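Given the structure is predicted, the values throughout are model-derived calculations rather than measurements. FYI, the numbering just counts along the sequence from 1.
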Amino acid sequence: QVELVESGGGLVQAGGSLRLSCAASGRTFSSYCMGWFRQAPGKERVSVAALSRTGSSTIYADSVKGRFTISRDNAKNTVYLQMNNLKPEDTAVYYCAAGAITTMTSSYYAYWGQGTQVTVSS
């Protein structure tokens with residue numbers, strides 16, 4: 001069992017940057033693969049990035065490649081999403097999730113945070 005709490009969201013102008021954090025409870029954080037997802041108003045939740053247990057393997061959605069970076073610090077039980085060159089279409093609620101494999105498929109993630117709002121103004 002792991003509990004996830006996201007932070008770092010907010011309002012930013014287009015072209016700006018934000019870093020999201022997701023703090024995990026428990027002693028088994030390093031045994032989970034992690035993912036970031038987002039859901040815009042009126043749209044389905046989609047995957048943004050995924051990260052392996054050690055951080056050596058990453059996957060990104062085409063829409064964020066080259067702009068977003070997922071990383072983790074297992075000593076701090078935290079996963080990050082660095083978001084640069086933000087665009088209005090990045091506006092969404094961002095969720096972190098923990099699961100057994102490194103994947104962009106949400107159904108493989110067993111644990112989810114409550115989400116943090118990111119709003120990018122034009």
Looking at Y109 and T103, would you say the former's side chain and the latter's main chain have a donor-acceptor pair under 3.5 Å? yes
Any cation-pi pair here, R67 with Y60, using under 6.0 Å and within 45°? no
Would you indicate whether the side-chain heavy atoms of R45 and Y95 approach each other to under 4.5 Å? yes
Is a side-chain N or O of R53 found less than 3.5 angstrom from the main chain of A100, in a donor-acceptor match? yes
Would you indicate whether the side-chain heavy atoms of V118 and M83 approach each other to under 4.5 Å? yes
Under the 3.5 angstrom rule, does the side chain of T91 hit a backbone N or O of V120 as a donor-acceptor pair? yes
Point-to-point distance, once rounded to the nearest 0.5 Å, from CG of L81 to CD of E6: 11.0 Å
For the rings on F37 and W112, is their centre-to-centre separation under 6.0 Å? yes
Closest non-hydrogen atom pair between A14 and P88, with its separation: CB-CD, 4.1 Å
Do any N or O atoms from the side chain of S52 and from the backbone of S57 form a donor-acceptor pair under 3.5 angstrom? yes
Under a single-linkage definition using a 4.5 Å side-chain heavy-atom cutoff for Ile, Leu, Val, Met, Phe, Trp and Tyr, are V93 and V12 assigned to the same hydrophobic cluster? no
Taking the side chain as C-beta and beyond, is there a heavy-atom pair between K76 and F29 under 4.5 Å? no
Should the pair D90-K87 be classified as a salt bridge under the 4.0 Å nitrogen-to-oxygen rule? no
Please name all residues satisfying side-chain contact (heavy atoms from CB on, under 4.5 Å) with A110, sequence neighbours left out, ordered by chain then number. none
What distance do Q13 atom CD and T119 atom OG1 have between them, rounded to the nearest 0.5 Å? 13.0 Å
Taking L51 as the starting point, is it possible to reach V2 by hopping between hydrophobic residues whose side chains are less than 4.5 Å apart? yes
Classify the side-chain pair S17/N84 by whether it contains a donor and acceptor separated by less than 3.5 Å. yes
Whether R72 side chain and C33 backbone form a donor-acceptor pair below 3.5 Å: no
Treat each ILVMFWY residue as a node, draw an edge where side-chain heavy atoms are under 4.5 Å apart, and state whether L20 and M104 are in one component. no
Verify the distance criterion only: is there a donor paired with an acceptor across the side chains of T54 and S56 at less than 3.5 Å? yes
On the six-membered ring of Y80, is R19 placed so that its NZ or CZ lies under 6.0 angstrom from the centre and within 45° of the ring axis? yes
Is there a chain of hydrophobic side chains (I, L, V, M, F, W, Y, each step under 4.5 Å between heavy atoms) that links V48 to L4? yes
Testing the basics here: between S21 and T78, what is the closest heavy-atom pair and its distance to 0.1 Å? CB-CG2, 4.2 Å
Side chains of W36 and C22: does their closest heavy-atom pair fall under 4.5 Å? yes
